[in-house]
Amino acid sequence: MIVTIDGVAASGKSSVASGVARALHVPYLSSGLLYRAATWAALQHGLPLDTPEAEGPLLDLLHAQTQAGTPLDLRPLPEGNQVWQAGRDISEALHTAEVDAHVSAAAVLPGLREWVNAQLRALTPPFLAEGRDMGSTVFPHADHKFYLHASARVRAERRVKERAQDVDSVEAALKLRDERDVRQSAPAPDAIHIDTGSGTLPEIIAQVLAHLPA
Ligand code: C5P
């Protein structure tokens, strides 16, 4: 069984996906974390990301890391996804404002999308995949698909609880990321839409589970 949970930035996807996956006793895969990890690696190496020419050097870097036995390694643990590299958990470095600001530029590079998608498709179901295009592109034959949304204000208010930032600038940055992500954020036509703006996390998880076989 494959379940997909897609949605806009800071819509609560990871928390909902993690709760639903735990209830189903399956792992969840955060595709966004792979995009973040590749973006982080590019920034570490001073690679520019804002032009189509960025793709070649970025893919070369990812390939070289794999060849050297130090690939970006997504670990879909039940308590939360992690990315490890060279024996080090780099997950915390992936949720900075700097990675937030560059990840959408990296995510439009077709070669990077193929790199992420190939890693996800190599995994054996059952699992729950979380991201932007899991139901529309990566797993179009998934058994159950969900799309989460909420207003930019609600999402910004949620995010400032996690990071010491001002709500107006977070809201503006989220809107900008929404605009850049829109190409890969289109919901699958058969996805069930859920507004995460009202209701507690356990209520939203229960709403999703209500659509799934017991
Ligand atoms: O889900 P999260 O906000 O961590 O994703 C980070 C970024 O990765 C998104 O803003 C988007 O640019 C990109 N992404 C994507 N497709 C996915 C998941 C994430 O383009 N399936």
Side-chain angles (χ1 to χ4, degrees), residues 2-21 28-43 49-50 52 54-55 58-59 62 72 74-76 80-83 90-123 127-140 142 145-150 152 154-156 158-163 165 170-188 191 194 196:
I2 298 180
V3 176
T4 59
I5 297 189
D6 290 304
V8 290
S11 56
K13 292 186 306 291
S14 313
S15 311
V16 174
S18 157
V20 171
Y28 88 92
L29 315 172
S30 166
S31 54
L33 211 54
L34 280 173
Y35 285 101
R36 287 175 179 275
T39 303
W40 172 84
L43 293 170
L49 285 169
D50 292 323
E55 182 172 286
L58 174 57
L59 294 180
L62 298 173
L72 294 167
L74 179 71
R75 300 194 181 171
N81 279 209
Q82 296 177 350
V83 177
I90 59 161
S91 317
E92 236 174 64
L94 306 183
H95 287 284
T96 60
E98 198 194 7
V99 172
D100 277 3
H102 290 91
V103 64
S104 302
V108 299
L109 302 171
L112 181 61
R113 301 203 73 78
E114 277 170 31
W115 177 83
V116 169
N117 297 349
Q119 296 198 50
L120 298 173
R121 288 180 178 137
L123 298 163
F127 54 72
L128 184 156
E130 174 249 304
R132 297 288 187 293
D133 58 347
M134 297 297 100
S136 56
T137 306
V138 185
F139 301 113
K145 303 180 185 179
F146 298 90
Y147 193 84
L148 308 187
H149 57 93
V154 164
R155 291 183 282 134
R158 196 177 281 155
R159 187 128 285 181
V160 290
K161 290 185 190 144
E162 299 161 8
R163 299 177 199 184
Q165 284 174 293
V170 172
E171 185 180 358
L174 278 174
K175 283 182 173 164
L176 190 65
R177 193 139 68 94
D178 285 352
E179 269 167 44
R180 290 183 181 155
D181 285 345
V182 79
R183 230 160 30 110
Q184 46 267 7
S185 295
I194 294 184
T196 64

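Along the sequence shown, the residues carry numbers beginning at 1. Both ligands and their constituent atoms are indexed starting at 1 by order of listing.
Counting heavy atoms from C-beta on, the side chains of Ile5 and Met134 never come closer than 4.5 Å. Side-chain atoms of Ile90 and Leu72, non-hydrogen and from C-beta on, do get closer than 4.5 Å to each other.
At a heavy-atom cutoff of 4.0 Å, ligand 1 is contacted by the side chain of Ala107 but not by its backbone. With a 4.0 Å cut-off on non-hydrogen atoms, Arg36 touches ligand 1 through its side chain and not its backbone. When non-hydrogen atoms are compared, ligand 1 lies under 4.0 Å from the side chain of Asp181 (C-beta onward) but not from its backbone.
Atom numbering of ligand 1 starts at 1 in the shown order; those under 4.0 Å from a heavy atom of Gly131 are 18 (C), 21 (N). Of all the atoms in ligand 1, the ones that sit under 4.0 Å from a non-hydrogen atom of Lys13 are 1 (O). Listed by atom number, the atoms of ligand 1 under 4.0 Å from Val103 heavy atoms are 7 (C), 8 (O). The contact set between ligand 1 and Met134, taken as ligand atoms under 4.0 Å from a residue heavy atom, comprises 21 (N).
Rounded to the nearest 0.5 angstrom, Ile2 CD1 and Phe139 CZ are separated by 5.0 Å. Interatomic distance, CG of Leu148 versus CG of Asp6, reported as 8.5 Å (0.5 Å rounding). We find the OH-CZ distance between Tyr35 and Arg113 to be 3.0 Å, quoted to the nearest 0.5 Å. Between Ser30 atom OG and Glu130 atom CD the span is 4.5 Å, to the nearest 0.5 Å.
Of all protein heavy atoms, the one lying nearest to atom 1 (O) of ligand 1 is Arg132 NH1, 3.1 Å. For atom 5 (O) of ligand 1, the nearest non-hydrogen atom of the protein is Gly32 CA, 3.6 Å. Protein heavy atom closest to atom 18 (C) of ligand 1, with residue, atom name and distance, is Ser31 OG, 3.4 Å. The protein non-hydrogen atom at the shortest distance from atom 14 (N) of ligand 1 is Tyr35 CD1, 3.6 Å.
A salt bridge is absent between Glu179 and Lys175; no separation between the charged side-chain nitrogens and carboxylate oxygens falls under 4.0 Å.
Under the salt bridge (Lys or Arg N to Asp or Glu O under 4.0 Å) criterion, Lys145 pairs with Asp190, sequence neighbours left out.
Considering Arg177, Arg113, Glu130, Arg180 only, the shortest heavy-atom separation from atom 16 (N) of ligand 1 involves Arg113. Of the listed residues (Asp6, Leu174, Asp133), the one carrying the non-hydrogen atom nearest atom 21 (N) of ligand 1 is Asp133.
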Working note: Val8 + Tyr147, criterion side chain to side chain contact (heavy atoms under 4.5 Å, CB included); need CA distance, chi angles, decisive distance, verdict. CA-CA 8 Å; Val8 290; Tyr147 193 84; 3.8 Å; yes

